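Beneath this line is the structure, given in structure tokens, with notes to follow.
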Amino acid sequence: MLHEPAQVSGKDPAAAFKTRLGVCMFFLYAVVYAGFVWINVATPKAMESIVFSGLNLAVVYGIGLIVYALLLALIYERLCSLHEQKLNKDNREGGN
């Protein structure tokens, strides 16, 4: 295997966009997760209720949180890629 030194990278022009988007998505997830915690604190018996195909609310909500996190990650990746492509296009057009 060929091991080369790490590439030197410069300042990321999309860093502010990525940070803002990441923080917004964190708060979206935190609200949904807070709902899960609130149900557990306020009415723990509700988590025992069967809601789908023999699965209780705790399991369905928990799996939903995992799927939601994955969807947010995919959306984050796509939006960041589109923003970086836009910045690269603008830099190429501006440099001519």
Side-chain angles (χ1 to χ4, degrees):
M1 292 179 110
L2 178 62
H3 295 281
E4 297 178 7
Q7 295 290 326
V8 177
S9 61
K11 185 178 186 299
D12 182 7
F17 174 81
K18 292 176 183 179
T19 301
R20 224 176 14 259
L21 181 60
V23 169
C24 289
M25 288 185 158
F26 167 78
F27 283 116
L28 284 174
Y29 187 82
V31 168
V32 176
Y33 184 74
F36 179 77
V37 172
W38 178 252
I39 293 171
N40 277 294
V41 169
T43 57
K45 285 284 187 192
M47 286 297 196
E48 297 176 11
S49 60
I50 305 300
V51 293
F52 177 74
S53 187
L55 299 173
N56 63 23
L57 180 60
V59 171
V60 173
Y61 206 137
I63 292 171
L65 283 170
I66 293 168
V67 170
Y68 183 52
L70 291 172
L71 286 174
L72 284 177
L74 291 172
I75 291 167
Y76 175 84
E77 190 279 328
R78 183 65 182 148
L79 291 176
C80 288
S81 293
L82 289 173
H83 188 72
E84 288 175 343
Q85 288 171 5
K86 181 183 178 290
L87 288 176
N88 288 335
K89 180 182 174 192
D90 291 347
N91 285 341
R92 279 194 305 269
E93 289 175 357
N96 289 337

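Each residue takes its place number in the sequence, starting with 1. Keep in mind it's a predicted model, so treat the numbers as computed, not measured.
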- Can you measure from OG (Ser81) to CG (Asn88) and round to the nearest 0.5 angstrom? 10.5 Å

- Note on the structure: Sorted by chain and residue number, the side chain to side chain contact (heavy atoms under 4.5 Å, CB included) partners of Val67 (sequence neighbours excluded) come out as Ile63, Leu71

- Look at the side-chain heavy atoms of Ile, Leu, Val, Met, Phe, Trp and Tyr, link any pair under 4.5 Å apart, and say whether Ile39 and Val41 land in one connected group. yes

- Message: Hydrophobic cluster membership, with links at side-chain heavy-atom distances under 4.5 Å among I/L/V/M/F/W/Y: are Val59 and Leu57 in one?
- Response: yes

- Query: Among all residues two or more places apart in sequence or in another chain, which pass the side chain to side chain contact (heavy atoms under 4.5 Å, CB included) test with Lys18?
  - Reply: Asp12, Ala14, Tyr76, Cys80, Glu84

- Item | Within 6.0 angstrom of Tyr29 OH, more than 12 heavy atoms from elsewhere | yes

- Residue pairs meeting salt bridge (charged side-chain N to carboxylate O under 4.0 Å, His left out), one or both in residues 31-43, sequence neighbours left out, come to none

- Contacts of Lys45 meeting salt bridge (charged side-chain N to carboxylate O under 4.0 Å, His left out) (sequence neighbours excluded), chain-then-number -> Glu48

- Message: Can you give me the closest heavy-atom contact between Val32 and Tyr68, atom names plus distance?
- Response: CG2-CE2, 3.7 Å

- Message: Applying ring-ring contact (aromatic ring centres under 6.0 Å, His included) as the test, list every pair that has at least one member in residues 33-67; sequence neighbours left out.
- Response: Phe36-Tyr61

- Contacts of type side chain to side chain contact (heavy atoms under 4.5 Å, CB included), residue Leu82, not counting sequence neighbours: Arg78, Gln85

- Message: Do Val37 and Met47 sit in one hydrophobic cluster, given that two such residues count as connected whenever their side-chain heavy atoms are within less than 4.5 Å of each other, even indirectly?
- Response: yes

- Query: With the 4.5 Å side-chain cut-off for hydrophobic clustering, are Leu65 and Leu28 part of the same group?
  - Reply: yes

